[in-house]
Asks: 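Below you will find the structure I want to go over with you.
So that the names make sense, note that chain A is the first sequence line, chain B the second, and so on, each numbered from 1. What you see is a predicted model; the values in this text were computed from it and never measured. When reading the values below, keep in mind they use all heavy atoms of this one structure, side chains included, and skip hydrogens, waters and symmetry mates.
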Amino acid sequence: MNEKSDMGAAPELLGVQRCSECGGARLMRDYESAEVVCMDCGFVLDIRLMDHRPEWRAFDNEQREKRARTGASVTFTIHDKGLSTMIDWHDRDIYGKKFPIGQKTQIYRLRKWQRRIRVSNAMERNLAFALSEITKIANNLSLPKSIFETASVIYRKAIKKKLIRGRSIQGISAASVYITCRQCGLARTLEEISKASNISIKELGRSYRYLVKELKYFIPPVKVNQYVSKFSNQLTVQGKVEEIANKIIVAARDLKLTSGRGPKGIAAAASYIASVLVGERRTQREIAEIAKVTEVTIRNRYKELLERLLFIMDL
DNA sequence: AAGACGAAAGTGGTTGA
DNA sequence: TCAACAACTTTCGTCTT
């Protein structure tokens, strides 16, 4: 029961929260397994905990000061995060005295190069901001790391082709993530990405279409079974449910019951039927909620499916 | 009482003139 | 540009478990 507490680095006791399962006050933050665990009943309250502690240890104040590496804050609103030097355009030194002629031409040359470097940095800055944006979205949706990598590649391509100018970095970043999801067969909706990125569905859709057109991508439409596996995961049902739901969908496709219908509705209905058949029943409302369709739609699809399908199939 | 069902009216997107 | 249309949603009353 308390095995979590015995592992690795000492877990840290939380003061305020209480266990939602047994009401116990002894909650532990366990960084080894990245969980918040109740010490009384073993219930895991939170997963994917982020470790905010420093990775070094210090035994006294002096060591702490020596080892801390953080200093003044950086800002993403300035391209180089506000950390680079600037050469003033006044031809004066720090005491306010004018430069001698020879130094003046030297300063002029330095200034020229500084400007050139800054121009190339504009792209870097754009990229840096976009990458942090992509990371944010991918984390919000708990997408795998590979998605982040691919989305970054897409974004870099967009920069290279100068597609960003005049458009918002955030919009293009979100669109890159969406394209990646679609390419990798992850059924994420525009709505989900829009929520995770604070970009309106309209703008996201526009950026997405723009990128697809300009980068000449071919994006296959979302398959119904991609939704099924997503729903099955979110419903936390056994694999059998997903398997049967997929069978239902294959049969439905053969009977031309899928064309012209929203894939989400079909997937939701198939998942519903499968969950009932397997005996791990989920309510229509539960499924409707995660599928982002209404119960009525599930009912309509499910009625059609049952009428035409069940007696044909050997389940 | 919760969940399922279904009718009816409303909404947003696509299609074709 | 506009009307027609199908799919889907919202709402709400009723039935079933």
Asks: Using atom CD1 of Ile298(A) as one end and atom P of dC5(B) as the other, report the distance to the nearest whole Å.
Replies: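 After rounding, the gap between these two atoms is 11 Å.
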Asks: Is there a Watson-Crick or G-U wobble partner for dA4(B) with both distances under 3.5 Å, and which nucleotide is it?
Replies: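 Per the H-bond distance test, dT14(C).
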Asks: Rounded to whole angstroms, how far apart are CZ on Arg301(A) and P on dA7(C)?
Replies: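 In whole Å, dA7(C) P lies 8 Å from Arg301(A) CZ.
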Asks: Give one of base, sugar-phosphate or nothing for Thr294(A), where a contact means two heavy atoms less than 4.0 Å apart.
Replies: base
Asks: Identify which nucleotide among dC5(B), dC8(C), dG6(B) has an atom closest to any side-chain atom of Gln284(A), counting heavy atoms from C-beta outward.
Replies: dC5(B)
Asks: Are Arg301(A) and Glu304(A) ion-paired here, with the side-chain N under 4.0 Å from a carboxylate O?
Replies: yes
Asks: What do the steps show when you test Leu211(A) against Tyr178(A) for side chain to side chain contact (heavy atoms under 4.5 Å, CB included), and what is the final call?
Replies: CA-CA 11 Å; Leu211(A) 279 190; Tyr178(A) 182 62; over 6 Å; no
Asks: Could you give the NZ-to-C1' distance, from Lys264(A) to dA7(C), as a whole number of Å?
Replies: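 Between C1' of dA7(C) and NZ of Lys264(A): 13 Å.
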Asks: When you check the gap from the basic side-chain N to the acidic O, do Lys195(A) and Glu192(A) get nearer than 4.0 Å?
Replies: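 No, this pair does not count.
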Asks: Once you round it to whole Å, what is the distance between C1' of dA7(B) and CD of Glu295(A)?
Replies: 15 Å
Asks: Once you round it to whole Å, what is the distance between C1' of dA1(B) and CZ of Arg285(A)?
Replies: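 Value for this atom pair: 11 Å.
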Asks: Measure the spacing between CG of Asn246(A) and NZ of Lys223(A) and express it to the nearest 0.5 Å.
Replies: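 The CG atom of Asn246(A) sits 11.5 Å away from the NZ atom of Lys223(A).
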Asks: Under 4.0 Å between a side-chain N/O of Arg281(A) and OP1 or OP2 of dA4(B), yes or no?
Replies: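 Affirmative; the distance criterion is met.
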Asks: Nearest-Å distance, CD1 (Ile273(A)) to P (dA4(B))?
Replies: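 Between P of dA4(B) and CD1 of Ile273(A): 13 Å.
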Asks: Would you check if the side chain of Arg282(A) reaches a backbone N or O of Leu235(A) as a donor-acceptor pair within less than 3.5 Å?
Replies: yes
Asks: Verify the contact: side-chain N or O of Arg261(A) to OP1 or OP2 of dA6(C), cut-off strictly under 4.0 Å; return yes or no.
Replies: no
Asks: Output the single nucleotide from dC5(B), dG3(B), dA7(B) whose closest atom is nearest the side chain of Arg299(A).
Replies: dC5(B)
Asks: Given dC8(C), dA4(B), dC5(B), which nucleotide is nearest the side-chain atoms of Thr283(A)?
Replies: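 Of the candidates, dA4(B) comes closest.
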Asks: Please determine if a side-chain N or O atom of Tyr272(A) lies less than 4.0 Å away from the OP1 or OP2 oxygen of dA4(B).
Replies: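 Yes, because at least one side-chain N or O of Tyr272(A) sits under 4.0 Å from OP1 or OP2 of dA4(B).
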Asks: Between P on dA4(B) and CG on Leu306(A), what's the gap in Å once rounded to a whole number?
Replies: 13 Å
Asks: Which whole-number value in Å describes the distance from Asn300(A) CG to dT10(C) C1'?
Replies: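 It works out to 13 Å between those atoms.
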